[in-house]
Amino acid sequence: MPKNDSGASSNFITEMIDADNESGRFGGRVHTRFPPEPNGYLHIGHAKAFCLNFGLAARYGGLCNLRYDDTNPTKEEVEYVTAIQEDVRWLGWDWGDRLFYASDYFDKLCEFAFRLIRAGKAYVCDLSADQIRETRGTLTRPGSESPYRNRSVEENLNLFERMKAGEFPDGSRVLRAKIDMSSPNLNMRDPVMYRILRASHHRTGDKWCIYPTYDFAHGQSDSIEGITHSICSLEFEDHRPLYDWYLHNLGIHHPRQIEFARLNLTYTVMSKRRLRELVEAGHVRGWDDPRMPTLSGMRRRGYTPEAIRAFLDTIGVAKRDSVVDIALLEHCLREDLNKRSPRRMAVLRPLRMVIEDYPEDRVEELDALNNPEDPAAGTRKVPFSRVVYVEKDDFREVPPPKFHRLSPGREVRLRHSYCVRCVGVVKDEKTGEVVEIRCAHDPETKGEGTPDGRKVKGTIHWVSARHAVDAEVRLYDHLFTRPDPGGVEEGSEEDAYGGVDAAGAARVPPAAEAAPRDWKADINPSSLATLTGCKLEPALAGVAPGFRCQFERLGYFCADPDSTADKPVFNRTVTLRDTWAKIEKARRL
RNA sequence: UGGGGCGUAGUCAAGCGGUAAGACACAGGAUUUUGGAUCCUGCAUUCGGAGGUUCGAAUCCUCCCGCCCCAACCA
């Protein structure tokens, strides 16, 4: 992909901006904005949008505002406005002193409404919401005009003034734009501009009982802020003619709107509605659950802002609907983490190993490289003693082909330490399970090499039993079992739509051909595995929440805020690539 | 059956009339005290389909097919 000096990708949007700059359309100015509604936490799809907006501003030496599109007081909360700022900042962006709210413009918007009424381009309509819907027509049939459409300017002025003054009950009247009830674009069939809504707003409190709709607020808000390029997602393409109409009839600054396709990822869901449902139904522990695709969840999981940005740069920006393989996100994560993570040893499923020929009371402090990718990261001391814990997975009584870890009679290297050979096992009398392995070490192999040059194929990690720190470790897997949660069931494409589900009760689907499954049925019941009694090397004692490292041979981990002084809790951010696991999986199939 | 948008590999995505970039995934191999990392190699004779224009078409024209969005006083 073509890149400019700042490393950001070129795309169809930069081409349009380049053209605008060349023609002098906005005097060479580039001013964008990120306009979230504070009704939920930001997810990585939003990150695509704001990195695009802030990135464009940075690329062209322009500015990017943060503006809350808070026109619906029934859904918005301050909790979300705070969280949104934290997330945007986390990814490295700065809106300077340009933090705005659409609600800052309520007075101005109201004035715009009066201006349109005076121009005979807006009217107060007494039809109910149901009646408005019924008279809007359908996709193929034009709508019919409201009986209130031709009220006089004076009457409209009077009525709207009284709507504003609170003389009418909620929902009894609306202000509508007088455009064209037979337009093939439904958005142009006299859309609602203002509704009566007695709800307390998170910023304006009870000052207003009428609120502008998003469509009547968004374009003008961009205009007021002097935005040059209004970047938004594809579904607003149909609304552009409406925004054009408002801006044109109001005669105010007219930004250029450019639409792009939002981000979708396999094995997860990406809509605030669904994410909220996961939170509220308790399928996850909260918006910042490390399994969530929310930025707060990813942060808690151990993602780095750099990895997310690299991912976003890699996927590009286009208008085609797409679903990006989550493996690409994980690749970007590993690539970043590999370079910067100190290595540590941790045993998740401990198996006791006794080195019979190693003195009972001896302890050696061995040198271990902190990061083979980065010599500057230095070394640390790791204590070694007669009894250590190794990973259960690293021992097989009956080794399968190509297994080059430990089994009776075989030799492996204990990472940074000695080579040991398994000379016996101790089994549980009742279950027959191996509960301890007995080994002999070769004193000549300390740290590196073998005296006779023999090859020792496997290297396994370990933790000295008497020095180990006990920990809880949380392993995460995809939140959903299918790449397309709720996707159409194979073979059922011809099924008739069986009814109206609760969530869609008011939204009658068109006579659908395909039958989507319930997306919640695809939730992965094993997306979280909590391991206790894990053994960490002592260097890991007392690390601060947010501390990231690689547990050698296992993956990248991050200390969770649930950690306490005596018991660390670690989240697995992502596993290492695991060729052996792949071989074993292939063998099972 | 209206309007708007989009079709390039399993997934993203360049390409802008001169003969299909790159990344992920996948498959081999080298190397390795992390089965990690790294390094090689392979992976679209063809761009949704069919016609047409042209010396030459993924790029231009025509028709067809498929997918997404729109009938909230949500955003």
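Quick note on labels: first sequence line is chain A, next is B, and so on, each numbered from 1. Bear in mind the structure is a predicted one, so any value in this text is a computation, not a measurement.
- Evaluation of A:W580 against the base of B:G35 yields a stacking contact (centre distance < 5.5 Å, interplanar angle < 30°).
- Taking only side-chain atoms of A:E237, from C-beta outward, the nucleotide of B:A71, B:G35, B:G4 with the closest atom is B:G4.
- B:A9 is unpaired under the Watson-Crick or G-U wobble criterion, no partner having all donor-acceptor distances under 3.5 Å.
- When the C1' atom is used for both B:A71 and B:G66, the distance is 24 Å, rounded to whole Å.
- Not less than 6.0 angstrom separates the ring centroid of A:Y68 from the ring centroid of A:F100.
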* Start with the C-alpha distance between A:D313 and A:R309, add both sets of side-chain angles, then the distance that settles salt bridge (Lys or Arg N to Asp or Glu O under 4.0 Å), and finish with yes or no. => CA-CA 6 Å; A:D313 278 343; A:R309 287 241 233 158; over 6 Å; no
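- Here B:G4 presents its P atom at 14 Å from CG of A:D244, a figure rounded to the nearest Å.
- Aromatic ring centres of A:F112 and A:F216: separated by at least 6.0 Å.
- Taking every side-chain heavy atom of A:L186 into account, B:A71 is the closest of B:A71, B:G5, B:C73.
- B:C63 is paired with B:G49 under the Watson-Crick or G-U wobble criterion, all donor-acceptor distances under 3.5 Å.
- With a cut-off of 3.5 Å on both Watson-Crick or G-U wobble distances, the partner of B:G35 is given as none.
- Side chain of A:D190 to main chain of A:I179: a donor-acceptor pair is present (N/O by atom type, distance under 3.5 Å, no hydrogens or angles).
- For the pair A:R320 and B:U8, the criterion of a side-chain N or O lying under 4.0 Å from OP1 or OP2 is met.
- Ring-centre distance between A:Y41 and A:H46: not below the 6.0 Å cut-off.
- Taking only side-chain nitrogens and oxygens, A:H404 never comes nearer than 4.0 Å to OP1 or OP2 of B:G35.
- Nucleotide B:G42: paired with B:C26 (Watson-Crick or G-U wobble, both distances less than 3.5 Å).
- Of the candidate nucleotides B:G35, B:A25, B:C73, B:G35 has the atom nearest to the side chain of A:T579.
- Comparing B:G17 with B:C55, their C1' atoms sit 12 Å apart, to the nearest whole Å.
- B:A20 makes up no base pair with any nucleotide shown, lacking Watson-Crick or G-U wobble contacts both under 3.5 Å.
- Rounded to whole Å, the separation between the C1' atoms of B:A44 and B:A20 comes to 7 Å.
- Shown here, B:G56 forms no base pair; nothing in the strands shown gives a Watson-Crick or G-U wobble contact with both key distances under 3.5 Å.
- Look at CG on A:D238: it is 14 Å from P on B:A72, rounded to the nearest Å.
- OP1 or OP2 of B:C26 lies within a sub-4.0 Å distance of a side-chain N or O belonging to A:K582.
- In this structure B:A37 sits in the anti conformation; its chi angle is more than 90° from 0.
- Partner of A:E37 under the side chain to side chain contact (heavy atoms under 4.5 Å, CB included) criterion, chosen from A:D70, A:N72, A:T71: A:N72.
- Taking atom C1' on both nucleotides, B:G18 is separated from B:U11 by 30 Å, rounded to a whole Å.
- With rounding to whole Å, A:L333 atom CG is found 16 Å from B:A23 atom C1'.
- The gap from the P atom of B:A57 to that of B:C64 amounts to 24 Å, rounded to the nearest Å.
- Straight-line distance between the P atoms of B:C26 and B:C68: roughly 28 Å, to the nearest whole Å.
- Rounded to the nearest Å, the gap between the P atom of B:U8 and that of B:C47 is 12 Å.
- Look at B:A72: it lacks any Watson-Crick or wobble partner with both distances under 3.5 angstrom.
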